[in-house]
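In what follows, every chain begins at residue 1, and chains take the letters A, B, ... in the order their sequences are listed. These numbers were taken from a predicted model, which means no experiment stands behind them.
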Amino acid sequence: MQLIDHKEEFRKALIEWYLREKRDLPWRRTSNPYHIWVSEVMLQQTRVDTVIPYYERFISKFPTLTDLAQAKEEDVLKMWEGLGYYSRGRNLQAGVREVVEMYGSEIPDTRQEISKLKGVGPYTAGAVLSIAFGVPEHAVDGNVMRVISRLLLIEEDIAIPKTKKIFETVIMDLIDEDDPSSFNQGLMELGATICTPNPKCLLCPVRDFCEAFHEGRQRELPLKSKKMKMKTIPMQVCVIRNLQGEWLMKQRPATGLLANMWEFLMIEDVRNDIEVLMKDNYGMTVERVRHLLDFKHIFSHLTWTITSHVAVTDERAPEGFEFFSSEQVERLPKAVPMMKIWNEAQNKMQ
DNA sequence: GAACCGTGGAA
DNA sequence: TTTCCAAGGTT
């Protein structure tokens with residue numbers, strides 16, 4: 001059965017399956033556009049199971065758009081701690097503040113306007129428009145590209161950005177004008193549960209429409225070019241305490257890797273001892289250096305091989321650093337590698 | 001348009 | 001262990 005000649009039957013089969021089989025997720029229990037926006041940002045490149053507890057905590061802490069707009073950025077980052085891609089959190093708050101200032105706290109309901117908001121790209125725009133406002137707009141994510149590439153046997157490389165336009169055009173032609181929310185979510189739900197990289201075609205509600213299944217080529221799709229191997233950066237971390245037992249930390253720059261997150265002193269050099277490096281780089285004398293923890297931290301595009309130490313000093317904090325009490329350190333937003341070191345350091349100290 | 005931006009789970 | 005990746009966006 002050719003999908004292009006049977007669009008209405010396809011929509012019906014997809015939406016009926018979705019309404020019958022959809023998972024019970026927190027953001028599917030609300031019609032609050034702000035809550036849906038939050039969920040869509042958290043779900044970017046992140047698994048449902050990972051997002052659920054973060055979503056629940058975030059909505060409890062910032063129940064309304066106004067609450068988030070008025071929050072301190074550090075509190076927002078703290079709620080994002082461990083979730084990754086931390087600029088999402090900062091951009092979300094920036095976008096929410098734009099809605100308060102420019103749109104009277106009402107999230108705009110056109111692609112034109114909502115796309116101007118910080119952190120809202122083509123996917124998130126379409127997702128919020130269709131799910132929260134019922135606007136028939138495309139929301140093309142990795143799931144949709146996988147599902148559609150199989151249904152229509154599209155052999156374009158989805159690693160190339162402009163390939164996405166093909167899928168957006170297809171969706172605008174296929175989308176159900178009466179229930180774009182269930183249509184878009186149905187495609188994503190299908191991609192997440194049935195039309196997975198290793199597809200379960202016998203359970204698929206729309207396999208009769210699927211050209212790849214017809215040809216037995218579903219496992220070949222979508223086509224995706226390889227990416228290059230990542231870099232490895234050796235790193236030494238030194239957890240330094242002063243005579244009051246406070247901890248030396250600094251905030252990372254506002255842009256780039258782990259932007260605005262807090263960390264202990266780090267040096268990209270494993271050939272020299274910590275005492276020498278501290279003297280050379282900061283003119284600082286540290287004593288009682290003890291080895292702490294060695295581990296590897298893998299980012300999406302690079303790897304840190306970390307060796308860490310604890311040490312003591314009676315000198316002032318170097319430029320850009322501050323000493324914090326344990327209670328203060330606990331409250332600072334820290335990325336996962338620093339959380340590991342922080343936990344280990346606390347264990348070892350008592 | 002390619003490179004950058006996290007994390008943890010699964011194959 | 002290695003690889004891939006999961007409801008992408010920004011620069």
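Using a 4.0 Å heavy-atom cutoff across all strands shown, A/Ala335 reaches sugar-phosphate atoms only and no base atom. Across all strands, A/Ile131 comes closer than 4.0 Å to no nucleic acid atom at all (heavy-atom distances). Heavy atoms of A/Lys224 sit under 4.0 angstrom from primed sugar atoms or phosphate atoms, though from no base atom.
With B/dG6, C/dA6, B/dC4 as the choices, the nucleotide that has an atom nearest any side-chain atom of A/Leu257 turns out to be B/dG6.
Checking the phosphate oxygens (OP1, OP2) of B/dA3, no side-chain nitrogen or oxygen of A/His301 falls inside 4.0 Å.
Shown here for A/Ser225 and A/Ala159, the closest heavy-atom pair between the two residues is OG-CB, 3.2 Å.
When ring centroids are compared, A/Trp262 and A/Phe324 come within the 6.0 Å threshold.
Between the P atom of B/dT7 and the CD1 atom of A/Ile306 lies a distance of 10 Å, rounded to the nearest Å. Per the geometry, CD1 belonging to A/Ile233 stands 14 Å off C1' belonging to B/dG6, to the nearest Å. Computed from coordinates, the A/Met261 CE to B/dT7 P distance equals 7 Å when rounded to whole Å. Taking atom CZ of residue A/Arg219 and atom C1' of nucleotide C/dC4, one finds them 16 Å apart after rounding to whole Å. For the pair A/Arg90 CZ and B/dC5 P, the computed distance is 12 Å after rounding to whole Å. Between the P atom of C/dA6 and the CE atom of A/Met188 lies a distance of 15 Å, rounded to the nearest Å. Note: CG (A/Leu302) to C1' (B/dG6) measures 10 Å, nearest angstrom.
Here A/Ile240 is tied into one hydrophobic group with A/Leu248, A/Leu265, A/Ile267, A/Ile274, A/Leu277, A/Met278, A/Tyr282, A/Met284, A/Val286, A/Val289, A/Phe321, A/Phe323, each link being a pair of ILVMFWY side chains closer than 4.5 Å. Under a 4.5 Å side-chain heavy-atom criterion applied to ILVMFWY residues, the cluster that includes A/Tyr85 comprises that residue alone. With side-chain heavy atoms closer than 4.5 Å counting as contact, directly or through intermediates, the hydrophobic cluster containing A/Met230 also holds A/Ile298.
By the criterion of side-chain heavy atoms lying less than 4.5 angstrom apart, applied directly or through intervening Ile, Leu, Val, Met, Phe, Trp or Tyr residues, A/Val144 is not grouped with A/Val128; the two fall into different hydrophobic clusters. One hydrophobic cluster holds both A/Val51 and A/Trp80 under the rule that ILVMFWY side chains link at heavy-atom gaps under 4.5 Å.
C/dG9 and B/dG8 are spaced 22 Å apart, taking the P atom of each and rounding to whole Å. Taking the C1' atom of each, C/dC5 and B/dG6 are spaced 13 Å apart, rounded to whole Å. The separation of C/dT10 from B/dG1, taken at their C1' atoms, amounts to 13 Å, rounded to a whole angstrom.
Rounded to the nearest 0.5 angstrom, A/Ile171 CD1 and A/Thr169 OG1 are separated by 10.0 Å.
Because its NZ or CZ atom is both nearer than 6.0 Å to the ring centre of A/Tyr54 and within 45° of the ring axis, A/Arg57 counts as a cation-pi partner of that residue.
Each of A/Tyr86 and A/Lys165 has a nearest nucleotide on DNA chain B; the 5'-most of these lies closest to A/Lys165. A residue-by-residue look at A/Lys231 and A/Lys334 shows that A/Lys231 has its nearest nucleotide of DNA chain B further toward the 5' end.
Counting heavy atoms from C-beta outward, A/Gln2 and A/His214 have side chains that stay 4.5 Å or more apart. In this structure the side chain of A/Glu177 never reaches within 4.5 angstrom of the side chain of A/Phe183, judged on heavy atoms. Between A/Phe299 and A/Leu258 the shortest side-chain heavy-atom distance falls below 4.5 Å.
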Please list each protein N or O that sits under 3.5 Å from an N or O in nucleotides 8-11 of chain B, with the distance.
unit_1 : atom_1 : unit_2  : atom_2 : d
B/dG8  : N2     : A/Arg47 : NH1    : 2.5

Listing time: all N or O pairs from protein to nucleotides 8-10 of chain C that are below 3.5 Å?
unit_1 : atom_1 : unit_2   : atom_2 : d
C/dG8  : OP1    : A/Gly142 : N      : 3.4
C/dG8  : OP2    : A/Gln45  : N      : 2.5
C/dG8  : OP2    : A/Gln45  : NE2    : 3.1
C/dG8  : O5'    : A/Gln45  : N      : 3.4
C/dG9  : OP1    : A/Gly121 : N      : 3.0
C/dG9  : OP1    : A/Gly121 : O      : 3.4
C/dG9  : OP1    : A/Thr124 : N      : 2.9
C/dG9  : OP1    : A/Thr124 : OG1    : 2.7
C/dG9  : OP2    : A/Tyr123 : N      : 3.3
C/dT10 : OP1    : A/Gly119 : N      : 2.7

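Near-neighbour residues of DNA chain C inside residues 27-38 of chain A, defined by a heavy atom below 4.0 Å, number-ordered: A/Trp27, A/Arg28.
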